[in-house]
Amino acid sequence: MDKIVVEGGVPLRGSVDVSGAKNAALPVIAAALLAEGDHVVRNVPDLADVRTLGKLLGHMGCAVERSAAARAMSLRVPAAVRPEAPYELVKTMRASVLVLGPLVARWGKARVSLPGGCAIGARPIDQHLKGLTALGAEIRLEHGYVEATAPRGRLRGAVFTFDGQTVTGTENVMMAAALADGRSVLRNCAREPEVADLAAALVRMGARIEGAGTDELRIEGVSTLRPLDHTVIPDRIEAGTFLVAGALPGGDVTVAGCVPAHLEALLEKLRAVGAEIAEVRGGLRVVGDGRPRPVDVKTAPHPGFPTDMQAQLMVLLCLAEGSSKITETVFENRFMHVQELQRLGGDIAVDGKIAIVKGVPVLSGAPVMASDLRASAALVLAALAARGTTEIQRVYHLDRGYERIEQKLAPLGARIRREKT
Ligand code: EPZ
């Protein structure tokens, strides 16, 4: 198992490239199951989660090949697949549930392990199941598995309103509706850029979808789709993490290859804490001038402030001149990083969904433990700002969503390395 060691206190300077988006690549790769043939997904990040999904499609009978050089994944989907996602694979990555919609829509049946709980919350999939049921799927939960069938061999179009906005729920039902018989109208959909990117990929396959990026999707089902060739969008959360790194006191970082329009809520907060932000060719430049100002933040579905940036922004606010209030509204248990930030000298008090962060002049290095993907990114940022040495354990969390982060940060001047424990 690896750990990351950081000698902190060095402001970051220079330019860093953003990889393709994990949360766009995963649903787009799953969408390949909707059509027989040879598919190509481009700008795919080299991440543990992507490899897990590749293994899952391999288990179903697809031929999966990854070209690191081309940053592309090629998939050959056969005429018949094994429509099953076993617990062994799903337990390592909840996003595996994204195969459910495509399987039941394309093959009329699916057996997919229930994802189970997660460090950041209960994360049920009731909305996924309700949406598929509205499209005519018959769903049973048995022995920890979702058993789904399309009684007439094909789903049918329907009007469905999500009780709450769900990213992968919207993606699952949208993929299923693309092959259903008739017209679907999905309301209260998630509006994340990754959802819109999936819709764009489906349209390239021949799907008829209107309203991508809004909370209402109108989908005219088609009987067949053609193989995919799609380039996924840049990772706005990886970009956001590097922007926060550049906004730390004394920082001056250009984040190349990101899409500013995908980051508006974060940029608004970075400007509010006093960071200078400028759009430059092909990206964004951020300059962290002195101690940040305090700011209040409330997470929300897109275009609100992303919950996947909450922990990282908390690090910046740990160094602010004054107190900030962070309200986490999307997940019920997403303050696992607080105790570890307190070990680094952060002054944070949590009460349910609210964290009050009293700024301190400096953080100091210490051994800490990662608990989930974005919490581990926050610990790396805090370690970069802290005086002295920080050792971060359980970095496998980090590798699920950041492609060799230490190799991306070192050219910016970070004194960071990976070690075997
Ligand atoms: C996606 O997860 C992302 N993952 C998450 O990123 C991200 O945090 C989340 O959206 C919110 O932006 C991928 O895209 C692979 P949700 P998802 O369904 O789709 C509740 C990262 O760090 N809910 O939008 O699982 C749920 O419990 C990860 O990269 C139901 O109640 O999130 C949560 O409170 C972490 N019933 C809220 O909705 C459902 O059926 C939003 O969850 C579905 C969700």
Side-chain angles (χ1 to χ4, degrees), residues 15-33 38-57 62 64-75 93-96 98-99 167-168 170-171 174-175 190-205 212-213 227-245 253-263 266 281-284 302 306 308-309 312 373-374 376-377 397-409 411:
S15 179
V16 58
D17 293 333
V18 171
S19 300
K22 166 180 83 80
N23 292 347
L26 296 174
V28 168
I29 292 167
L33 290 166
D38 292 326
H39 304 252
V40 185
V41 184
R42 301 177 196 280
N43 198 25
V44 174
D46 183 15
L47 300 169
D49 281 5
V50 170
R51 291 191 291 275
T52 303
L53 189 57
K55 251 192 249 150
L56 180 55
L57 268 66
C62 303
V64 180
E65 229 178 274
R66 221 196 101 70
S67 149
R71 310 186 71 68
M73 186 181 265
S74 314
L75 303 118
M93 183 191 63
R94 341 170 21 82
S96 310
L98 284 164
V99 301
V167 173
T168 50
T170 301
E171 293 167 343
M174 172 169 64
M175 288 190 277
R191 302 165 56 187
E192 272 66 6
E194 295 77 21
V195 175
D197 196 35
L198 174 64
L202 293 170
V203 168
R204 295 171 78 92
M205 296 172 80
L228 177 69
D229 185 336
H230 183 75
T231 301
V232 301
I233 56 174
D235 196 315
R236 65 192 168 102
I237 305 298
E238 185 196 25
T241 304
F242 293 142
L243 287 167
V244 171
V253 170
T254 296
V255 180
C258 64
V259 179
H262 293 171
L263 291 154
L266 173 67
R281 215 147 49 78
L284 287 162
H302 192 85
D308 294 349
M309 282 303 306
Q312 298 94 314
L373 168 56
R374 306 304 170 183
S376 46
H397 288 292
L398 200 61
D399 296 336
R400 298 191 47 201
Y402 293 87
E403 205 175 4
R404 291 180 289 284
I405 195 167
E406 74 279 9
Q407 291 176 19
K408 287 202 178 186
L409 290 170

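Position 1 is the first residue of the sequence; numbering continues from there. This one's a predicted model, so the numbers in the text were calculated from it and none came from an experiment.
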[Y] side chain reached by [X] side chain, heavy atoms, under 4.5 Å:
X: N23; Y: D308; result: yes
X: R236; Y: V259; result: no
X: F242; Y: D17; result: no
X: V167; Y: H302; result: no
X: L26; Y: V50; result: yes
X: M93; Y: R400; result: yes
X: M175; Y: L33; result: no

In chain order, what residues pass the salt bridge (charged side-chain N to carboxylate O under 4.0 Å, His left out) check against R94, with sequence neighbours excluded?
none
Listed by chain and number, what are the salt bridge (charged side-chain N to carboxylate O under 4.0 Å, His left out) partners of D197, not counting sequence neighbours?
none
Let me confirm one number: the [atom1]-[atom2] distance from [X] to [Y], rounded to the nearest 0.5 Å.
X: L266; Y: C258; atom1: CG; atom2: SG; value: 10.0 Å
X: L47; Y: D399; atom1: CG; atom2: CG; value: 8.5 Å
X: L57; Y: I29; atom1: CG; atom2: CD1; value: 8.0 Å

Do E403 and K22 meet the salt-bridge criterion of a basic N to acidic O distance under 4.0 Å?
no
Electrostatic pair D46:R71 at N-O distance under 4.0 angstrom:
no
Partners of A201 by side chain to side chain contact (heavy atoms under 4.5 Å, CB included), sequence neighbours excluded?
V28, L228, H230
My understanding is that only one of R374, E238, H397, K408 makes a side-chain hydrogen bond (donor to acceptor under 3.5 Å, both in side chains) with Y402; could you say which?
R374
